[in-house]
Every structure is written in C-alpha cells, then in structure tokens.
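This report refers to the structure that appears directly beneath it.
All values reported here derive from a predicted model rather than from experimental measurement. We use all heavy atoms of the structure for the numbers below, so side chains are in, but hydrogens, waters and symmetry mates are not.
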Amino acid sequence: MSGIALTAPYLDTDADQLSFVLGRPAREALAVRDLTVGGLDVQLRLLGASHQVFAGPVQETVACLPGVEGGLPDTAAQDFDDWHYAFSAHVQRFGPQEFSARVARIRGRSEDHPRALYGVFPGSPEAVTALTVERESAGLSWRTWHTYPQSRRIVATHTRLEAR
C-alpha cells in the first residue's frame with residue numbers, strides 16, 4: 001500500500017507530548033484500515049495526533065490528548081477477558097542522515113507490508129505515522145512509528161495481544 005498524503009496539519013509537536021491510554025473511544029481519524037487478522041477484527045486508525053488500534057477487546061490510543069499528561073511508559077500490560085496485552089515504547093534521537101535513513105526504512109517497510117496503514121504529513125516527507133499488524137501463533141502484534149523531523153526523534157511502539 002502506498003502512503004497516504006495527508007492534508008491535516010501535524011498536531012504532535014514532539015515525542016514527549018504523546019500519551020498512552022487504553023479504552024478510549026474512537027477519535028476523529030484521517031485514515032482508517034479495517035482488517036481481520038487471526039480471526040480478530042482489527043482497525044488501524046491514523047489520527048492528526050498519532051494513532052489508535054482497536055483489536056478484539058483492546059482500544060489502544062497513542063496521541064497528544066487534551067487533559068492527559070504527555071509521556072509514554074516504557075512498558076504496560078493488562079489482561080482483557082481471555083487475552084493478555086503487552087505494550088512497549090522506545091524513543092530515539094538521530095543525526096540528520098541516520099534519521100532520514102530510518103524514516104526511509106519505515107516508509108519502505110510499510111509500503112511493502114500487506115497489513116499496514118501509514119500517512120505522510122504536509123511540510124516534510126519525513127513526518128510519518130505508520131502502523132503494521134502481524135498474526136502470531138497465540139494472537140497478534142502491531143508496531144507503530146511516529147517520526148518527528150524537527151527534533152529527529154522516532155517513537156517506536158510494539159504491542160502483543162495473546163490468548164491466555
């Protein structure tokens with residue numbers, strides 16, 4: 001799938017403003033992709049303020065949220081009915097050339113992935129939010145990337161949802 005050229009402004013000003021919450025309802029999305037992965041309905045949602053993933057019993061939001069303090073946890077875990085949910089986030093800063101190379105890899109990976117959604121925000125081809133989802137033996141996992149050209153930071157998240 002090719003990246004979506006977004007017309008909405010890039011609302012995240014920096015990685016430190018991202019928040020992580022579970023159970024939030026759907027926010028207005030710039031793009032949505034509905035999939036079935038391993039028998040579970042999955043919805044990838046690209047927001048003007050990052051992403052949401054709805055998968056089975058999980059509603060994950062990583063975004064700049066009004067009234068919610070910024071800052072992502074390194075890890076989070078929770079049980080939902082017959083499922084175990086595990087989230088991790090990692091933020092890295094890069095020099096100019098390495099940042100550009102990493103964004104190109106994220107775009108290439110998303111471009112070639114059969115279950116991806118990614119958008120490029122106006123103003124910079126390196127302002128990207130990308131999501132991919134994979135089937136795993138006991139459930140599924142998804143990865144997301146949020147790139148910040150102004151600070152050359154990349155936020156990468158990895159989530160696993162496994163049957164208990």
>> Would E134 and H113 count as a side chain to side chain contact (heavy atoms under 4.5 Å, CB included) here? Give the steps.
In response: CA-CA 10 Å; E134 300 286 342; H113 198 286; 2.4 Å; yes
>> Between V155 and Q92, is the side chain to side chain contact (heavy atoms under 4.5 Å, CB included) condition met? List the steps.
In response: CA-CA 7 Å; V155 176; Q92 281 188 279; over 6 Å; no
>> Checking E126 against Y148 for the side chain to side chain donor-acceptor pair (under 3.5 Å) test, could you report, in this order, the C-alpha distance in whole Å, the side-chain angles of both residues, the deciding distance, and whether it holds?
In response: CA-CA 7 Å; E126 294 182 337; Y148 297 90; over 6 Å; no
> Do any N or O atoms from the side chain of T75 and from the backbone of S88 form a donor-acceptor pair under 3.5 angstrom?
Replying inline: no
> Can you tell me if R160 uses its side chain to pair, donor with acceptor, with the backbone of L140 under 3.5 Å?
Replying inline: no
> Any side-chain heavy-atom pair from H146 and V62 closer than 4.5 angstrom?
Replying inline: yes
> Is the shortest heavy-atom distance from the side chain of V128 to the side chain of R107 under 4.5 Å?
Replying inline: yes
> L40 and L161: side chain to side chain contact (heavy atoms under 4.5 Å, CB included), yes or no, with the steps?
Replying inline: CA-CA 10 Å; L40 282 177; L161 183 62; 4.1 Å; yes
>> Taking atom CG as the centre, does D74 end up with more than 12 heavy-atom neighbours from other residues, nucleotides or ligands that are less than 6.0 angstrom away?
In response: no
>> Between W145 and V103, is there a side-chain heavy-atom distance shorter than 4.5 Å?
In response: no
> Ion pair present between D81 and R164, side-chain N to carboxylate O less than 4.0 angstrom?
Replying inline: no
>> Taking the six-membered ring for Trp, are H90 and H158 closer than 6.0 Å centroid to centroid?
In response: no
>> For T159, give me all partners under side chain to side chain donor-acceptor pair (under 3.5 Å), at least two apart in sequence or on another chain.
In response: E60, W142
>> Over 60° means perpendicular and under 30° means parallel, so tell me whether F80 and Y85 are parallel, tilted or perpendicular.
In response: perpendicular
> Is atom CZ of R105 surrounded by more than 12 heavy atoms (other residues, nucleotides or ligands) closer than 6.0 Å?
Replying inline: yes
> Is the backbone of A116 close enough, under 3.5 Å, to the side chain of R33 for a donor and an acceptor to pair up by distance?
Replying inline: yes
> Once you round to the nearest 0.5 Å, how far does OG1 of T7 lie from CG of L30?
Replying inline: 7.5 Å
> What distance separates I106 CD1 from T147 OG1, expressed to the nearest 0.5 Å?
Replying inline: 6.5 Å
>> Testing the basics here: between F20 and A76, what is the closest heavy-atom pair and its distance to 0.1 Å?
In response: CE2-CB, 3.7 Å
>> For a quick test of reading the model, state the closest non-hydrogen atom pair linking A138 to W83 and the distance between them.
In response: O-CZ3, 4.0 Å
>> Restricting to non-hydrogen atoms, name the atom on R45 and the atom on L131 that form the minimum distance, rounded to 0.1 Å.
In response: O-CD2, 4.4 Å
> Could you go step by step and tell me if T144 and T157 meet the side chain to side chain donor-acceptor pair (under 3.5 Å) rule?
Replying inline: CA-CA 5 Å; T144 73; T157 73; 2.4 Å; yes
> Do I154 and F94 have side-chain heavy atoms sitting under 4.5 Å apart?
Replying inline: yes
>> Between F87 and L22, is the side chain to side chain contact (heavy atoms under 4.5 Å, CB included) condition met? List the steps.
In response: CA-CA 11 Å; F87 169 89; L22 293 172; over 6 Å; no
> Can you tell if the side chain of V53 reaches within under 4.5 Å of the side chain of T61, non-hydrogen atoms only?
Replying inline: no
>> I want to check something: taking the side chain as every heavy atom from C-beta on, are D16 and R153 in contact at a cut-off of under 4.5 Å?
In response: yes
> Does the side chain of T36 reach to within under 4.5 Å of the side chain of V42, using non-hydrogen atoms?
Replying inline: no
> From I4 CD1 over to Y118 OH, what is the distance, rounded to the nearest 0.5 angstrom?
Replying inline: 9.0 Å
> What closest approach, in Å, do T132 and S110 show between heavy atoms, and which atom pair accounts for it?
Replying inline: CG2-OG, 4.4 Å
>> Please give me the minimum heavy-atom distance between H84 and A77, naming the atom from each residue.
In response: CE1-CB, 4.0 Å
> Where the side chain of R93 meets the backbone of S151, is there a donor-acceptor pair that is under 3.5 Å apart?
Replying inline: yes
>> Using the rule given for salt bridge (Lys or Arg N to Asp or Glu O under 4.0 Å), can you reason through R102 versus E98, listing the C-alpha separation, both sets of side-chain angles and the distance that settles it, and then say yes or no?
In response: CA-CA 6 Å; R102 293 210 179 219; E98 181 66 14; 2.7 Å; yes
>> Using modelled atom types and a 3.5 Å cut-off, is there a donor and acceptor pairing between side-chain atoms of Q52 and backbone atoms of R27?
In response: yes
> Could you walk me through whether E136 and S141 pass the side chain to side chain donor-acceptor pair (under 3.5 Å) check?
Replying inline: CA-CA 7 Å; E136 297 195 358; S141 67; 2.7 Å; yes
> Do side-chain atoms of S19 reach the backbone of L65 as a donor and acceptor pair under 3.5 angstrom?
Replying inline: no
> If you look at every heavy atom in S50 and L18, which pair is closest and at what distance?
Replying inline: OG-CD2, 3.1 Å
>> Assigning hydrophobic clusters by single linkage (Ile, Leu, Val, Met, Phe, Trp, Tyr; side-chain heavy-atom cutoff under 4.5 Å), is L6 placed with L44?
In response: yes
